[in-house]
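Proteins come first, then strands; the chains are lettered A, B, ... in the order of their sequence lines, and each starts at number 1. None of the values given here were measured: they were computed from a predicted structure.
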Number of protein chains: 2
Amino acid sequence: MDQRPRPTRGRPVATTHEEIEEAAFRLFDERGFAETTVEAIAESVGIGRRTLFRYFDSKNDIPWGRFADSLDHFREILADSPPGLPLHESVHQAMLRFNDFGPHAAPQHRRRMGLILSTPALQAHSVLRYAQWRGVIADHVADRTGLAPGDLLPVTVGHVSLALALSAYEFWLAHEESDLLDLLDSAMAGLRDHLA
Amino acid sequence: MDQRPRPTRGRPVATTHEEIEEAAFRLFDERGFAETTVEAIAESVGIGRRTLFRYFDSKNDIPWGRFADSLDHFREILADSPPGLPLHESVHQAMLRFNDFGPHAAPQHRRRMGLILSTPALQAHSVLRYAQWRGVIADHVADRTGLAPGDLLPVTVGHVSLALALSAYEFWLAHEESDLLDLLDSAMAGLRDHLA
DNA sequence: CACAGTAATGACACTCAGGGCCAAAAGTCG
DNA sequence: CGACTTTTGGCCCTGAGTGTCATTACTGTG
């Protein structure tokens, strides 16, 4: 989102996205998302409310962190997939790799998704993010099939891939011990059986 | 949502959901959704702003009309499906019947979905509606398979069914002459091929 | 017909998200 | 030190949503 080399001119920044995110999550844990005002988050970071809105477009955007960056990563994964691979395989593999946070980042990822998927306002806001994610898939499918990104198949594969991912995520969050990657596999296998 | 026999006591109601919906759509068409204030809608109906919020929980709920009622209908359709039918068939048939608005209601339905799917705020809000719709499917799948409604397969079938429906809707709205029912069929067939 | 009971209405006031505007702050560079 | 640059944050406004409560407009009864 903001990978510019940071010109050293002008007044220095007062905070970072990460710092705001951290403070916000602390407050969300304490009082809940709806009960935490943007004012409180800003105060907790030590910045003005107005400044916080320059780092995040809305309160709903805070839990998503720098999502746009990871979208670029997703796009690369798909582009790098071997051209010989069947389409459904390359999409499937990309989904697995995209969601493969190491043991290091997994806890924060779980915290983030847990908050998002359990908070109505955030669930709602998420579709706008999901739409971008689906777009990346649709573009890839269109590219490999020669169809337009708006044609039925690319759009459908995008939607269905998201559907599988969300199923897996919901189960993962509900079951502490489960493995997200296994679940993605299972969800896809289940769908295949179901349709057969 | 509100099928009580209308007790004849007390002060009579000043309006109806339908009347508000109509006035709102007229204003949305004129100025756009975001540019139309709740105040303006209320004024156009001739009621107070506070009263409007007793009919609809939020501005975002207005375009959905009485969605809860149609959910009950969807539940009935699924419950009535022949027990012999394969699961994926009963879900598929139910989706077709649920989305089969006659030529009478189709234009208003198109208008409604067109507004929702082209307005970010409404797209976002819709997930909360979709979640209920998915729940109906998950319950049905759980019922027929003996699984719990929260298990992976029922949840997945719910998500994927929604995915197919949304793909079809997006294409339908983008192509005036297309047939929604055909598109639902095509989307499902496309997915089957894709996975095979 | 008056009067009690009932239920919806709408005015008022308040909180909070979001955004436009702009003067002040806090750096760097020559 | 002074010019330049960029971020900050204060001020103020709009609009959604909610609690409270007096008022309104009915119905049904004596």
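- Residues B:Arg112 and B:Glu21 are paired through a salt bridge, judged by an N-O separation under 4.0 Å between the basic side chain and the carboxylate.
- Atom CZ of A:Arg50 is separated from atom C1' of D:dC12 by 11 Å (rounded to the nearest Å).
- Note: NZ (B:Lys59) to P (C:dA17) measures 18 Å, nearest angstrom.
- Regarding contacts with the backbone of C:dG10, a side-chain N or O of B:Thr51 is found under 4.0 angstrom from either OP1 or OP2.
- No side-chain heavy atom of B:His159 sits less than 4.5 Å from a side-chain heavy atom of A:Leu164.
- Between the CD1 atom of A:Ile20 and the C1' atom of D:dT8 there is a distance of 12 Å, given to the nearest Å.
- Proximity note for B:Ile47 (side chain, C-beta onward) versus D:dT18, C:dG10, C:dA17: the nearest is C:dG10.
- Close placement of the B:Tyr169 and B:His109 rings is indicated, their centers lying within 6.0 Å of each other.
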Going 5' to 3' through nucleotides 22-30 of chain C and flagging B where a protein heavy-atom sits under 4.0 Å of the base, S where only the sugar-phosphate is that close, and - otherwise, we get ---BBSSS-
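- Regarding A:Arg49, its CZ atom lies at a distance of 18 Å from the C1' atom of D:dT7, rounded to whole Å.
- Annotation: proximity of residues 111-119 of chain A to DNA chain D (heavy atom, distance under 4.0 Å) is found for no residue.
- For A:Thr37, counting side-chain heavy atoms from C-beta on, the closest listed nucleotide (C:dC16, D:dG17, C:dG10) is C:dC16.
- The interatomic distance linking B:Phe56 (CZ) with D:dT18 (C1') rounds to 18 Å, in whole Å.
- The closest side-chain heavy-atom distance from A:Thr51 to A:Val45 is not below 4.5 Å.
- Of the residues in residues 23-36 of chain A, not one places a heavy atom less than 4.0 Å from an atom of DNA chain D.
- Looking only at side-chain heavy atoms (C-beta outward), B:Ser161 and B:Arg134 stay at 4.5 Å or farther from each other.
- B:Phe56 has its side chain out of reach of B:Ile41: every pair of non-hydrogen atoms, C-beta onward, lies at least 4.5 Å apart.
- In this structure, B:Lys59 is not positioned above the aromatic face of B:Phe53 in the sense of NZ or CZ being under 6.0 Å from the six-membered ring centre and within 45° of the axis.
- In this structure, A:Tyr55 atom OH and C:dG18 atom C1' are separated by 18 Å, rounded to whole Å.
- Residue B:Phe53 contributes atom CZ, which lies 17 Å from atom P of C:dC12 at whole-angstrom precision.
- B:Arg144 contributes atom CZ, which lies 7.5 Å from atom CG of B:Leu87 (distance to the nearest 0.5 angstrom).
- Nearest heavy-atom pair across A:Ser90 and A:His140 is OG-CE1, 3.2 Å.
- Summarising the geometry, the separation between CG on B:Leu52 and P on C:dA8 is reported as 16 Å, rounded to the nearest angstrom.
- Results of the side-chain hydrogen bond (donor to acceptor under 3.5 Å, both in side chains) test with A:Thr15 over A:Glu19, A:His17, A:Glu18 single out A:Glu19 as the only residue that passes.
- Within the 4.5 Å cutoff, the side chain of B:Val127 has no heavy atoms near those of the A:His125 side chain.
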